Amino acid sequence: MVFPEDPLSSEKNLDFIRQIIADDLATGRHSSVVTRFPPEPNGYLHIGHAKSVTLNFGVAAEVPGGRCHLRFDDSNPETEDMEYVEAIQRDVRWLGYDWGEHLYFASDYFEDLYGFAVRLIEQGKAYVCSLSEEEIRRFRGTVTRAGTHSPYRERPVHENLDLFSRMRDGEFADGQHVLRAKIDMAAPNMKMRDPLLYRIRHAPHYRTGNDWCIYPMYDFVHPLSDAIEGITHSICTLEFENNRELYDWIIDNVPAPARPRQYEFARLNLNYTVMSKRKLVDLVEGGHAQGWDDPRLPTLAGLRRRGYTPEAIRNFCERIGVAKANSVVDVALLEHTVRDDLNAKTPRVMGVLDPLKVVIVNYPHGKEEELDAPYFPDDPPRMGYRKVPFARDLYIERTDFMEDPPAKFFRLAPGREVRLRWAYLVRCVDVIRNERDEVVEVHCEYDPATRGGDAPDGRRVKGTIHWVSAPHCIEAQVRLYDRLFTEADPEADSEGGLTGSLNPHSLDVVRARVEPGLAGALPGDRFQFERTGYFIADEKDHSPGKPVFNRIVALRDSWKKISAKG
RNA sequence: UGGGGAGUCGUCUAACGGCAGGACAGCGGACUCUGGAUCCGUAUGUGGAGGUUCGAAUCCUCCCUCCCCAGCCA
């Protein structure tokens, strides 16, 4: 979307954030917009973050002169790591966004932040509290009972200054003192009950090393980082609504270089998966997922490896909208945007996931021929044709044959004629079983006059099925992914935690037979295996000599619905 | 039970006192050398009760439900 000249009058369906920005532009409160995406580098980005990324970078791109910063909110030395910084940058870039030179780290502001804290102390608005962690909790009161003042609350300014300085110098042990804002221990908003501003942590920080042993808290760091960078609209999720009062208090009580405002929107939830960092860690560490880039995970690394495209994810984020009501989006919408994108860009090929042998009994032994098949059947010139070899022995999909077919089954069955895609019309004349009475081979006769798939006599066949030549096809490992959980809300039934609703069939590895041209596929190449789904050559495990394909998403399967209804 | 937020088709989301619309999912049909794609059609919704108004999803009152806050995490 493009912002019109006059955002207020001409564009109507703006989400509430964009509406606020349009108003601020119209009233002259701001002449442009500066946003920021502020991840903490202590984990991997997931599709919920993608919503925030597209929102923040999106609105910035829509306003002339707008920009979006990538800022690492790294004020907790114990959990943060450079590995995450790199992974996050990779993911944001992959999503298609560029922060230019606007890469920032809250840890770069530590000295400024310290200065602001000193100013607060000097004004009598902050004090060093020496209560224990447990005491601080008790003194805070409850949501229905006011807290009580810390005995250190009236410590004189000079003493606070001295103590705070010595905290910085490392004279005290972890937990011995904290710096607190002096606000109101009876405030109905718990966040305003003399919130902690600094804590002592004798821990090396991944960027500042041992420069500091006191670290500022989120509520102090965030508004001031925003102000330092000149952020106009600080967009965060709903759980920070209570923090906004404190955000404003901080900005109002230090000589902040700017007056940013915080706005909150509802984070993304998806059904049949989990989004919290904590739960994701549990899945990885519990061995239920194989690393952060497991294709079943909603992490951007996982979705990337699964084969989802950044365009599809961006479209998805655009279509779910931005609002303040908690919601759970149906994962089917995500899958839809993925199919929609892939339908437009992936070449079609043939692959048989569960092979059943077919012998064309009237096709000469040893004969083979090459048939032309378009990569884009709806637009053949786009990529042209490839040659697919045909022979007497073929493989078709086991599910494309039924000995005793129900009505509406248009595929192969005894006596039935079907089209082999781009090849010939064939009719089933015999069925071979093994000693366990399982069908192991199907015999067909082909009509030589139907080469290419069209009958000169104009007769129609209802079904077209895919196939590969047995002597020419190559074997490939195919990983069929399904949702990780069987329950729409995996966190709902708490019995047995998450593992109770894990989908045992979330990964099914099969040995498929694919057309020989796929030997040339490179890691990351995407295809549609006709009638089956979209697949990607795995970035890590695929090689031309050992093809490995991940199923990105299955094709919509209306036969499945028909047969399910009986 | 203190405070802060939120309730519109199954799901997500529009409406800015004036015909409750879109998308996904569903259902039905057309077309098709992918049971894909595409096209057409269709059912389903304003949490509740009052009030204001010619007219209320929208404004007012009361009620109900859900989410967030008592980390030296962010």
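Just so we're on the same page: letters track the sequence lines, and every chain starts at 1. Scope of the values below: all heavy atoms of this structure, side chains included, with no hydrogens, waters or symmetry mates. Bear in mind the structure is a predicted one, so any value in this text is a computation, not a measurement.
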Engineer: Taking only side-chain nitrogens and oxygens of A/Arg140, does any of them come within less than 4.0 Å of OP1 or OP2 of B/rG71?
Structural biologist: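 Yes, A/Arg140 has a side-chain N/O under 4.0 Å of OP1/OP2 on B/rG71.
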Engineer: Quick one: list whatever passes side-chain contact (heavy atoms from CB on, under 4.5 Å) with A/Glu397, sequence neighbours left out.
Structural biologist: A/Val352, A/Leu353, A/Asp354, A/Thr399, A/Asp400, A/His466, A/Thr532
Engineer: Find the distance A/Asp454:CG to B/rU32:P and express it as a whole number of Å.
Structural biologist: 13 Å
Engineer: Of A/Phe410 and A/Pro188, whose nearest nucleotide on RNA chain B comes first from the 5' end?
Structural biologist: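 Nearer the 5' end of the strand: A/Pro188.
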Engineer: Please write out the pairs of protein N or O atoms and N or O atoms of nucleotides 63-65 of chain B separated by less than 3.5 Å, giving the distance to one decimal.
Structural biologist:
none

Engineer: Whole angstroms only, please: what is the CG-C1' distance between A/Asp15 and B/rA15?
Structural biologist: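 Atom CG in A/Asp15 sits about 15 Å away from atom C1' in B/rA15.
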Engineer: Just the dot-bracket of RNA chain B, please: which string comes out with Watson-Crick or G-U pairs under 3.5 Å, [ ] for crossing, | for another strand?
Structural biologist: .((((((..((((....[..)))).(((((.......)))))....(((((..]....))))))))))).....
Engineer: Compare side-chain N and O positions of A/Lys561 against OP1 and OP2 of B/rC27 and report whether any pair is under 4.0 Å apart.
Structural biologist: yes
Engineer: Would you indicate what A/Ser132 reaches in the nucleic acid, counting non-hydrogen atoms under 4.0 angstrom: base, sugar-phosphate, or nothing?
Structural biologist: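 Base contact.
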Engineer: Checking all strands, does A/Ser75 fall into the base, sugar-phosphate, or nothing category for heavy-atom contacts under 4.0 angstrom?
Structural biologist: sugar-phosphate
Engineer: Does the gap between the ring centers of A/Tyr84 and A/Tyr206 come in under 6.0 Å?
Structural biologist: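 Judged by ring-centre distance (under 6.0 Å), A/Tyr84 and A/Tyr206 do not meet the cut-off.
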Engineer: Taking only side-chain N and O atoms of A/Arg531, does any of them lie within less than 4.0 angstrom of OP1 or OP2 on B/rG35?
Structural biologist: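 Affirmative; the distance criterion is met.
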Engineer: Polar atom pairs between nucleotides 4-7 of chain B and protein, under 3.5 Å, N or O only, would you list them?
Structural biologist:
from, atom 1, to, atom 2, distance (Å)
B/rG5, O2', A/Glu241, OE1, 3.1
B/rG5, O2', A/Glu241, OE2, 2.9

Engineer: At under 4.0 Å, does any side-chain N or O of A/Thr337 touch on OP1 or OP2 of B/rC24?
Structural biologist: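 Negative; the distance criterion is not met.
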Engineer: Quick one: which protein N/O atoms are closer than 3.5 Å to N/O atoms of nucleotides 37-39 of chain B? Pair and distance per line, please.
Structural biologist:
from, atom 1, to, atom 2, distance (Å)
B/rA37, O2', A/Asn343, ND2, 3.2

Engineer: When you match A/Ala423 and A/Arg201 each to their closest nucleotide on RNA chain B, which lands nearer the 5' end?
Structural biologist: A/Ala423
Engineer: Give every residue pair that meets the ring-ring contact (aromatic ring centres under 6.0 Å, His included) criterion with at least one member in residues 173-196 of chain A, sequence neighbours excluded.
Structural biologist: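 Sorted pair list: A/Phe172-A/His177.
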Engineer: Quick one: does NZ or CZ of A/Arg201 land under 6.0 Å from the six-membered ring centre of A/Tyr215, within 45 degrees of the ring axis?
Structural biologist: no
